[in-house]
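Just so it is clear, the structure is predicted and the values come from calculations on it, not from any experiment. Residue numbers run from 1 in the order of the sequence given. In listed order, ligands and their atoms are each counted from 1.
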Amino acid sequence: MDIQGAQPAPPLEGQIAGSSGLPSTSLAAHQDAGVSSSFINTFLGDNPYFQAGFGLMGVGVGLTILRQGLVFSTTALRRRLLVSLEVNNKDRAYEWFLAWLAHNAQSAPSSSSRRAQSWLRSHQLSVETAVEERSNGSSSVLFRLVAGPGTHWFKYDGAWMQMKRERETRSMQLMSQMPWETVTVTTLSRDRHLFSKLLAEARDLALRGREGKLVIRTAWGIEWKPFGQPRRKRPLHSVVLDTGMSEKVEQDVKAFLHRRKWYADRGIPYRRGYLLHGPPGSGKTSYIQALAGSLSYDICLLNLSERGLGDDKLNHLLSNAPERSFILIEDVDAAFNKRVQTGEDGYQSSVTFSGFLNALDGVASGEERIIFMTTNHIEKLDPALIRPGRVDLSVLVGDASPTQARTLFTRFYGGSESVTAQEVVERMGKRVEELTTDEMRKGRRISMAALQGLFIRNDAQDAVKALPELFVETRT
Ligand code: ADP
């Protein structure tokens, strides 16, 4: 735009008057019009400021059109070329994905499995604390940095991906009171197949981390959430029950698991209830956990005295337990004393006895449901609770029998390479068995938990010496 070249030319009045053949009035009017148009011309057309403004406006309009065109084409391109995957924190894949990202971003560069590379200029990190249990039983606390809310970039299998983690702060999940979170991963359309690959890898990593581990869940509102880190599975044989008892329960559960079709064909709800009763410290809880571990099941621990738990929530929880899990209700006698649900501190929750029975019966769905209940006082239980259909197998897990005492002793002190040492342990184990038999004749018993405590604190000889003092009068 050349502003200087737009200088106004002087008006040529003689030319206008001389060239016109109009009457004088119209000539005057015409002259007026000529004057005003020349004025407008002078003011607008020939005014350098106006021309400059007009030029600038043109540039502005041009830029706006260009910008809108750009926005439009970017959106169109994004729609055509990019593909996004959204995962929210209600889905299990959410945790898996974050853990996978953290794992890969932190693994050594030489690692062949290193597909995701470190986040680029990621300033928003969150910390996750994990307790890692070692095989010798000790544990250490680990901090893992995961991508915090914000935008992150990573490369997976040669493709760049943008990951956006967003947290909804204005609303919470109704029952768990956790904020809603979403992760959106975006990449080029041609790489969309990588999403399923990535998710499968994240799932495998999560499941690998759980291998040999038992997950315990507790109720969070109407949802089941893992309680602490997965713990190491306890071998089933390490819980020493009386002869044949462990096998009996294990076989019953396995038979039930193989009879899904049988139940479906007969229209019977596919559920089974177990009651393990007996004195405290006899291994009821330990056994249920070990059995769940051996079948690769999880445990859903239900506390009927929990505040805020009502009949409806209980029903929902029992009907919506995660697949492959045992529901464990401990000390069920304490929960329903005289049909009124009372907590240890006298708190009465709103779960009613009839509500509990209804929840146990549940709706006749095809979903598998295995419930384990434990009690130290079977005599206190209402007969309605232990009728078949609610409790299908009831097992007494008692104090240490002579055989159990001997087996536990051998488990603690045996295992030596040397044959002579083994023989000594075997001989002493026999002695433990005899001692236990004698004491039992006198009506005195010892719990397996007390025996375990004795064996942990003493060497074999001292344990055998101290054993008789630990027997107590049979409880009534
Ligand atoms: P309960 O549920 O019957 O009260 P637990 O399972 O809580 O008993 O056992 C308490 C402790 O005693 C656990 O550490 C467990 O290892 C040990 N214990 C109890 N019974 C046995 C058993 N039969 N075999 C091995 N250990 C046992």
Could you find the nearest protein heavy atom to atom 23 (N) of ligand 1 and give me its residue, atom name and distance? Val240 O, 2.7 Å
Compute whether any side-chain donor of one residue and acceptor of the other, for Ser401 and Gln404, lie under 3.5 angstrom apart. yes
Within 4.0 Å of some non-hydrogen atom of Arg234, the atoms of ligand 1 are 15 (C), 16 (O), 25 (C), 26 (N)
Numbered atoms and elements of ligand 1 in range of Pro280, under 4.0 angstrom, heavy atoms: 4 (O)
Aromatic ring proximity, centroids under 6.0 angstrom, Tyr274 and Phe326: no
Show your reasoning for whether side chain to side chain contact (heavy atoms under 4.5 Å, CB included) applies to Val425 and Phe409. CA-CA 8 Å; Val425 170; Phe409 180 88; 4.1 Å; yes
Side chains of residues 453-464: which donor-acceptor pairs under 3.5 Å do they make with residues two or more places apart or in other chains?
unit_1: Arg457; atom_1: NH1; unit_2: Gly453; atom_2: O; d: 3.3
unit_1: Asn458; atom_1: ND2; unit_2: Leu454; atom_2: O; d: 2.9
unit_1: Asp459; atom_1: OD1; unit_2: Gln461; atom_2: N; d: 3.3
unit_1: Asp459; atom_1: OD1; unit_2: Asp462; atom_2: N; d: 3.0

Which heavy atom of the protein is the closest neighbour of atom 17 (C) of ligand 1, given with residue, atom name and distance? Gln452 OE1, 3.3 Å
Nearest neighbour of atom 12 (O) of ligand 1 from the list Gly283, Gly453, Ala449, Ala450, on a heavy-atom basis: Ala449
Using a distance-only test with no angle check, is there a side-chain donor-acceptor pair under 3.5 angstrom linking Asp191 and Tyr156? no
List in chain and number order the residues that pass salt bridge (Lys or Arg N to Asp or Glu O under 4.0 Å) with Asp392, two or more places apart in sequence or in another chain; answer none if no residue qualifies. none
Ligand 1 atoms in contact with Met448 (distance to a heavy atom under 4.0 Å): 19 (C), 20 (N), 21 (C), 22 (C), 23 (N), 24 (N)
Atoms in ligand 1 flagged as close to Thr285, the criterion being non-hydrogen separation under 4.0 Å: 2 (O), 6 (O)
Name the option, out of Pro279, Ala290, Ser286, that contains the heavy atom nearest to atom 9 (O) of ligand 1. Ser286
If you measure every N or O of Gly281 against every N or O of ligand 1, does any of those distances drop under 3.5 Å? yes
Given 3.5 Å as the limit, does a donor-acceptor pair link the side chain of Lys313 with the main chain of Gly308, or not? yes
Does the pair Val240 and Met448 meet the rule for a side chain to side chain contact (heavy atoms under 4.5 Å, CB included), with working shown? CA-CA 8 Å; Val240 185; Met448 287 298 275; 3.8 Å; yes
For Ser238, the ligand 1 atoms with a heavy-atom partner under 4.0 Å come out as 24 (N), 25 (C)
Distance filter under 4.0 Å to Lys284 heavy atoms, resulting ligand 1 atoms: 1 (P), 2 (O), 3 (O), 4 (O), 6 (O), 8 (O)
